[in-house]
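Remarks on the structure that follows.
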Amino acid sequence: MSSTPTPFEYRPVDGHDELCCEAVPLARIAAEVGTPVYVYSRSELERAYRAFDAALAGTDHLIAFSVKANSSLGILSVLARLGAGADIVSGGELTRWLRAGGAADKVVFSGVGKTEAEMRAALEAGILAFNVESEEELVVLDRVARGLGVRAPVSLRVNPDVDAQTHPYISTGLKQNKFGIAATAARDAFHRAADLPGLDVMGVDCHIGSQLTKTAPFTDAIARLTELVLELDRGGIRLRELDVGGGLGIDYGKDGDAPPPSPGEYGAAVRAALAPVMSLGVRLVCEPGRVIVGNAGALVTRVLYRKRNDVKHFTIVDAAFNDLMRPSLYGAYHPMRPVRRTDRAAQVTDVVGPICETGDFLARDRDLPALEPGDLLAIGAAGAYGFSMASNYNTRPRAAEVLVSGDGYQVIRDRETVDQLLANERVAE
Ligand SMILES: *Cc1c(COP(=O)(O)O)cnc(C)c1O
């Protein structure tokens, strides 16, 4: 199984082996806060950030945490305090990051569809860079910046046309994807951008996909970018930053899956690939998301019912695909463990939620120790793209979130109420 350290381990509590986050039994959190509940380990979050940072030691770099992976204020504030920057994809994420105490001048703003209002807010905040994804966006950003009497710092997102070898929905660096400017058109786009007075062309970036399990796609993409940096330098455009995006995968613990490279292996590969441009004094920017928060979180859910039909056994739990979309959306595998260890025989079951769709499953054909109504189940590696993708489908209030530190915890998000869900609605006149 996984060699990744996990903060979720069984510990003896009152004569039972109870799954704990750090020193806090998950059963205690479930009893006090209710279920479903996302539980995060602060020490694991800090460990993962520091491990990534250490992997890049010796190279001038900025770690811009990808806020969309987990945008809760409680999580962002821990990372901001460690010195992280942020990779944002909306004006809303900018507000979150600033409210969490994050530094504006460590923010890079990605995304193919930035609005003028979002550009203005980011310019007023003084962000580090706009990762611009099209020539039309360049023109609009130039106009918005001149309107405010400032120059917008611009990094052009290049689509390096490499296959990230990941799920097609989270593969972003192929030429058929909507992201970035085609590698073949990039040089011209840089020269056009450099001619626009409202822009300060300062970098190049790429992001080729998520949950990557090999280093070769990263180094192939970086090789394209370093060639471009050298070519632009010869043409009179000197870049200050090279942003390699995010995408490093984590181990979801599925049998037969090769573990992804460690941050150390990733860092070594990235630094080697950057060697051709290091003499130009280019700073490295990384936008990791999943690898920082993924293993720090678990979703704890309670078993409601069981049933069996001619072909299948189902375990119906109180979490659903509105709480954790990844299994339905990407066919993703999440490890699961009963919160109280038992010696009950294993059983193959589909773990499903209450939502009225067949797509509402959290695991299919999973071998789990037999579960009974009232039992708690912990769904692991749920810290990234878990709560941040949650919805209110079926008028389900979103789960609470808890941050554990040592033998204590803090509720960093109260469970949503139905009244909050309805607050912006009115019946027809
Ligand atoms: C989603 C995203 C990331 C983070 O990806 P991870 O796989 O979570 O590391 C980084 N940069 C951009 C532009 C993204 O869209």
Side-chain angles (χ1 to χ4, degrees), residues 45 48-49 51-53 55-56 61-71 75-76 79 84-90 92-94 97 106-114 118 122 127-134 137 155-160 164-174 177-181 203-215 217-218 221-222 225 241-252 260-263 266-267 270 284-297 325-326 329-330 332 381-389:
L45 187 60
Y49 177 84
F52 200 91
D53 195 34
L56 302 172
H61 68 274
L62 172 71
I63 300 176
F65 172 67
S66 177
V67 171
K68 75 182 193 291
N70 188 318
S71 52
I75 300 295
L76 297 181
L79 294 171
D87 167 44
I88 60 165
V89 291
S90 71
E93 287 190 350
L94 175 62
W97 177 248
K106 292 181 181 176
V107 170
V108 298
F109 191 168
S110 303
V112 295
K114 303 174 195 79
E118 288 175 321
I127 68 166
L128 175 68
F130 289 85
N131 289 342
V132 172
E133 304 226 14
S134 66
E137 185 189 337
S155 172
L156 278 186
R157 179 164 175 179
V158 172
N159 184 329
Q165 297 170 40
T166 183
H167 190 283
Y169 291 5
I170 49 176
S171 179
T172 54
L174 282 169
N177 301 141
K178 69 180 175 184
F179 297 100
I181 293 169
V204 60
D205 84 285
C206 70
H207 170 71
I208 56 173
S210 199
Q211 185 52 20
L212 270 68
T213 56
K214 298 192 177 75
T215 53
F218 290 115
I222 294 169
L225 261 50
E241 304 215 325
L242 192 154
D243 180 338
V244 300
L248 182 58
I250 61 168
D251 188 353
Y252 282 98
S262 67
Y266 167 84
V270 166
L284 168 66
V285 179
C286 294
E287 304 170 352
R290 189 187 312 270
V291 72
I292 305 294
V293 282
N295 282 315
M325 268 185 87
R326 299 189 66 261
L329 190 59
Y330 311 130
Y385 306 103
F387 192 97
S388 66
M389 294 179 99

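Whatever order the structure lists them in is the order used to number ligands and atoms, beginning at 1.
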Both conditions, 6.0 Å and 45 degrees, for the charged tip of K114 above the ring of F130: are they met here? no
Pairs under 3.5 Å, nitrogen or oxygen of ligand 1 with protein nitrogen or oxygen:
| unit_1 | atom_1 | unit_2 | atom_2 | d |
| --- | --- | --- | --- | --- |
| ligand 1 | 5 (O) | Y385 | OH | 3.4 |
| ligand 1 | 7 (O) | S210 | OG | 2.3 |
| ligand 1 | 7 (O) | G247 | N | 3.4 |
| ligand 1 | 8 (O) | R290 | N | 2.8 |
| ligand 1 | 8 (O) | Y385 | OH | 2.6 |
| ligand 1 | 9 (O) | G247 | N | 2.8 |
| ligand 1 | 9 (O) | G289 | N | 2.9 |
| ligand 1 | 11 (N) | D87 | OD2 | 3.0 |
| ligand 1 | 11 (N) | H207 | ND1 | 3.4 |
| ligand 1 | 11 (N) | E287 | OE1 | 2.6 |
| ligand 1 | 15 (O) | K68 | NZ | 2.6 |

Nearest-0.5 Å distance that lies between atom CG in N70 and atom CD1 in I292: 12.0 Å
Please list, chain by chain and in numerical order, all residues satisfying ring-ring contact (aromatic ring centres under 6.0 Å, His included) with Y385, sequence neighbours excluded. none
Can you measure from CD1 (I75) to CZ (F387) and round to the nearest 0.5 angstrom? 11.0 Å
Can you find a side-chain donor-acceptor pair between D243 and H207 that sits under 3.5 Å? no
Euclidean distance, K178 NZ relative to N159 CG, rounded to 0.5 Å: 12.5 Å
